[in-house]
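Just below is one structure, and these are the notes that go with it.
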Amino acid sequence: MLKGWRELAPATTLLPVRSQNSMSTIITATEITVRYGERAVLDAATLAIDEGDRIGLVGRNGCGKTTFLKLLAGIQMPDIGDISRRRELVVSYLPQDFMLDAAKSVAENIRDGAKPVLDMIAEFESLPHDSKRHEELEHHIQALEGWTLDQRIETAMSHLNCPAGDRRVETLSGGEKRRVAMCRAIVSLPDFLVLDEPTNHLDPESIDWVADFLEDFHGTFLVVTHDRYFLDRVAKRMVELYDGKFWSQNGNYTDYLLAKAERQEADATIEHKRQMFLKKELAWVRQGPRAQRSKQKDRFVRYYDEAAKDGPAIEEDMELVIPPPPQLGNRTVEVSHLGMTLGEKKLFSGFSYTFENGQRIGVCGRNGLGKTTLLKAIIGQLPPTEGTVKIGQLTKFNYVDQGRLQLNEERTVLDEASDGTEFVIWGDSKISVRSYLKRFLFADERITTQVKKLSGGERSRLLLAKILKCGGNFLILDEPTNDLDLPTLRVLEEALIAFPGMVLVVSHDRYFLNRVCTNILAFEGDGRIHHSVGDYDYYLEKKQKATVAAARQSAAILSVNKSAALSREAAAPKVAKARKLSFKENRELEGMEAQIHTVEAEVARIEGLFANPDFFRKHATQVNQLTAELDAAKENVTKLYARWEQLEAIKAAGA
């Protein structure tokens, strides 16, 4: 077995439950097989999950990841094999296709996630205080932090930017529903948390909060996600599902990539030696030696044994095909003083920008600020509230929206991709639809499969194939990374980098934005859209420096104002005796200096974070939050000084 990797050996029994401070296996999948028709997505696969594991599960879409998560959650059973769980193990599962109760409100759906805790509390309150069960329940409720459930729900809803608790689920958008489902999955503090693409439809601040939550989570979790920065941050063990088997590697996503590259390099070396041996022996075999002595027979046996072996499995990469675009003119798209208002809410205003051929622009920012609205205004789907959009005569849009297109469940892959045509226009030539689909990893038997029998990953690939064949020289993608696996994401990135036209892409995937984009349009709130040349990290770096400079300037102004106030106080003429301080005011004045010191220390702490060289790495996604906290602290300092001056003036006047 290659260095750094281990194929998990079968396990037939669980380890005994140990003390809280020792490691124990909480769930074991032993020799499990799951088939869909003739295809085995899990083939006698074995995996043991230990208490405290922080697992990132990776693999191509359609390889069986979601199936395995359903097995862990107890929603599905394997065709063959066994899933063993520790007794009374509490599992919470966030599926990709989450289900919420449409008849209930947001708050009611979220509280349903903590039903085991709520049931314990209800039983606890119904029992006499001196009963043994009452004492047991109290211990369990405390362990699950049940008494602070409402507070934790409120915190999670706030950080995940959930809609109002009294809203009905049936009125929510897809993104809002996912945030509610995510909140419901985590509020119960389960022993084992299973998350399938938890970062989809979350903005950077919410993703950062989820990562913070998982870093502090005391239980075990397994997460499937395409967010590579997220995996690097939260995973301590990577498991790859490939060809129906599990491969495990300690460390985060970067460690996994390094180990996999090492494994593939070693496999290539072994295969090269095998081929050299076969080539040499083949020449000897063709000579047809007359004497069949024992040594010669052994050479024949060795040759045929090696020739019968399979070489290392080679992962097939999708060749993402974006048809060559028609030539763009000197003018692509020019927006001038653009503004959009939806209902009573002004999303942005005064935005002017000229899009140029060859640019790859990333659009980022919190949800609800108008990113998708901007895209629709550019292509003419929404009329601007203010300003103008001028489109060049040669500009041809190809817009891939968040919902993409609807697929007909009863049609085959070929029918959906072709729409009645046999060829895809390819620049000045054309290729067959079958050849086109094979570049999206559809084998012959899958090309004739009905859409309703496809996996989630295959659906995503089919949608991309169907949309991208439309061509266009101004490509607009709204959240293209959602639901794509990591290998497909890498290919999409390479295809966009090589695309000779104009690319405008909305994404919360930091890795994707850094790798693809040459410019950033950042929605920063208050109707502002900020343009920055360079990738996403460079935008954050410049924003950090600007925030630090503004914080220092505010501190300098505050210091000048403080000195001026003290000078005015010293120079102020004595006034006639007035009222004296009350007892309450005297106590307030006595504690004023300590209170000011505390708030000034908070200002200094936050300014120190901004000035720290590691700020960008540790707090890049918290810039807005920290800026707001800094402004609030400074405002508090100003109010405290004003109150201090007022009390001192009363005291001096009454002396």
Side-chain angles (χ1 to χ4, degrees), residues 13-29 48-55 69-75 83-95 98-101 104 106-160 162 165 180-195 198 209-210 212-223 234 236:
T13 58
L14 282 171
L15 296 174
V17 177
R18 304 171 187 171
S19 68
Q20 192 172 6
N21 295 326
S22 63
M23 189 69 66
S24 63
T25 300
I26 62 170
I27 191 166
T28 302
I49 298 174
D50 293 331
E51 183 179 355
D53 265 346
R54 286 154 146 61
I55 298 174
L69 266 53
K70 290 179 180 178
L71 296 177
L72 294 178
I75 296 174
I83 305 286
S84 302
R85 297 174 179 82
R86 190 173 68 186
R87 193 163 64 95
E88 296 185 351
L89 182 72
V90 178
V91 181
S92 185
Y93 174 45
L94 174 70
F98 49 85
M99 290 182 293
L100 300 175
D101 191 336
K104 293 184 177 180
V106 167
E108 289 170 337
N109 270 279
I110 291 173
R111 288 181 69 83
D112 284 348
K115 189 175 184 303
V117 180
L118 292 172
D119 289 346
M120 287 183 190
I121 293 175
E123 184 181 357
F124 173 83
E125 292 175 342
S126 68
L127 294 173
H129 294 289
D130 55 353
S131 71
K132 184 177 180 181
R133 177 62 176 166
H134 188 276
E135 183 179 345
E136 292 175 354
L137 285 171
E138 184 175 18
H139 174 73
H140 287 309
I141 294 168
Q142 287 177 347
L144 294 172
E145 300 181 26
W147 306 124
T148 60
L149 176 63
D150 290 336
Q151 179 183 345
R152 287 190 287 106
I153 289 176
E154 184 179 341
T155 300
M157 289 180 66
S158 172
H159 285 285
L160 289 173
C162 286
V180 171
M182 179 68 195
C183 195
R184 182 179 67 175
I186 66 178
V187 294
S188 63
L189 296 181
D191 302 316
F192 184 33
L193 187 57
V194 182
L195 302 174
W209 185 84
V210 174
D212 286 338
F213 173 85
L214 291 179
E215 284 182 329
D216 296 334
F217 184 59
H218 296 303
T220 304
F221 67 78
L222 183 147
V223 58
V234 305
K236 303 300 180 187

> Do the side chains of D212 and H159 get nearer than 4.5 Å, heavy atoms only?
Replying inline: no
> Is there side-chain contact between D53 and L222, with heavy atoms separated by less than 4.5 Å?
Replying inline: no
>> Let me confirm one number: the CD-NE2 distance from E123 to H140, rounded to the nearest 0.5 Å.
In response: 10.0 Å
>> How close do A156 and I186 get, counting heavy atoms only, and between which atoms?
In response: CB-CD1, 4.3 Å
> Which distance, rounded to the nearest 0.5 Å, do you find between the CG of L100 and the CG of N109?
Replying inline: 5.0 Å
> Has E215 got more than 12 heavy atoms of other residues, nucleotides or ligands less than 6.0 Å from its CD?
Replying inline: yes
> Given the rule in the side chain to side chain contact (heavy atoms under 4.5 Å, CB included) test, do M182 and L195 qualify, once you have shown the distances and angles that lead to the verdict?
Replying inline: CA-CA 8 Å; M182 179 68 195; L195 302 174; 4.2 Å; yes
> In chain order, what residues pass the ring-ring contact (aromatic ring centres under 6.0 Å, His included) check against H139, with sequence neighbours excluded?
Replying inline: none
> Looking only at heavy atoms, which two atoms of P190 and S92 are closest? And how far apart?
Replying inline: CG-CB, 3.4 Å
> In terms of side-chain geometry, is the basic nitrogen of R111 or E108 positioned less than 4.0 Å from the acidic oxygen of its partner?
Replying inline: no
> Between atom CD of Q142 and atom OG1 of T148, what is the distance when rounded to the nearest 0.5 Å?
Replying inline: 11.0 Å
>> Taking the side chain as everything from C-beta on, heavy atoms only, tell me whether L69 gets closer than 4.5 Å to Y93.
In response: yes
> Are the side chain of R85 and the backbone N or O of L72 linked by a donor-acceptor pair below 3.5 Å?
Replying inline: yes
> Relative to each other, are the rings of H129 and H134 parallel, tilted or perpendicular (30° and 60° limits)?
Replying inline: perpendicular
> Does a side-chain heavy-atom distance below 4.5 Å link L127 with L137?
Replying inline: yes
>> I'd like to check the side-chain hydrogen bond (donor to acceptor under 3.5 Å, both in side chains) partners of D101; sequence neighbours left out, ordered by chain and number.
In response: none
>> On a heavy-atom basis, which atom in V91 and which in A73 lie closest, and how many Å separate them?
In response: CG1-CA, 4.3 Å
> Can you find a pair of side-chain heavy atoms, one from L214 and one from R54, that are under 4.5 Å apart?
Replying inline: no
> CZ of F213 to OG1 of T155: how many Å apart, nearest 0.5 Å?
Replying inline: 11.0 Å
>> Return the CD1 to OG1 distance between I55 and T220, rounded to the nearest 0.5 Å.
In response: 8.0 Å
> Would you say the side-chain atoms of S84 pair up with the backbone N or O of I27, donor to acceptor, closer than 3.5 Å?
Replying inline: no
> So which heavy atom on G146 is nearest to which on I121, and how close?
Replying inline: O-CD1, 3.8 Å
>> Ignoring hydrogens, what is the shortest heavy-atom contact between F192 and I49? Give both atom names and the distance.
In response: CZ-CD1, 3.8 Å
> CE of M120 to CZ of R133: how many Å apart, nearest 0.5 Å?
Replying inline: 7.5 Å
>> Give me the atom names and distance for the closest heavy-atom approach of S131 to P128.
In response: OG-O, 3.1 Å
> With no hydrogens and no angle check, is any side-chain donor or acceptor of R152 less than 3.5 Å from a backbone partner on V187?
Replying inline: yes
